[in-house]
Amino acid sequence: MTPLTKKTIVAFLFSGLIFAGLSAGFDYSDGMEFRLWSFIFKAFFFGFFMALMLRYNLKKNEAAKDNK
């Protein structure tokens, strides 16, 4: 597995779980109950988009390094 893939997976997991956990915490503080499907949905989509952004930025920075 390449370092780029490892970084993308780690970003997907950490950013998605942290965002979904904070969101669930705010919902709980507002008196709402924990909703598993909402947690999974938020974790997956936020993590997915953050991983895409990280991958794009790492590739762009690598290309900029190669041009110098």
- Sort and list the pairs that fulfil side-chain hydrogen bond (donor to acceptor under 3.5 Å, both in side chains) and have at least one residue in residues 44-61, not counting sequence neighbours. none

- Query: Would you call the rings of Phe44 and Phe48 parallel, tilted or perpendicular, where under 30° means parallel and over 60° means perpendicular?
  - Reply: parallel

- How many angstroms lie between OG1 in Thr8 and CG in Leu13, if you round to the nearest 0.5 Å? 11.0 Å

- Query: What distance do Phe46 atom CZ and Phe41 atom CZ have between them, rounded to the nearest 0.5 Å?
  - Reply: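 Interatomic distance, Phe46 CZ to Phe41 CZ, rounded to 0.5 Å: 13.0 Å.
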
- Is there side-chain contact between Leu4 and Glu62, with at least one heavy-atom pair below 4.5 Å? no

Quick one: do [X] and [Y] end up in the same hydrophobic cluster if we chain Ile, Leu, Val, Met, Phe, Trp and Tyr together by side-chain heavy atoms under 4.5 Å apart?
X	Y	answer
Val10	Leu54	no
Phe45	Phe12	yes
Trp37	Leu17	yes
Phe19	Met53	yes

- Message: Could you report the tightest heavy-atom contact between Ala24 and Phe39, atom names first, then the distance?
- Response: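 Smallest interatomic distance, heavy atoms only, reads CB-CD1, 4.3 Å.
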
- Between Gly47 and Ser15, the two heavy atoms sitting closest are CA-OG, 3.7 Å

Name the atoms and distances for all side-chain donor-acceptor pairs under 3.5 Å in residues 26-36, with sequence neighbours left out.
{"from": "Asp27", "atom 1": "OD2", "to": "Arg35", "atom 2": "NH2", "distance (Å)": "3.2"}
{"from": "Ser29", "atom 1": "OG", "to": "Phe26", "atom 2": "O", "distance (Å)": "2.8"}

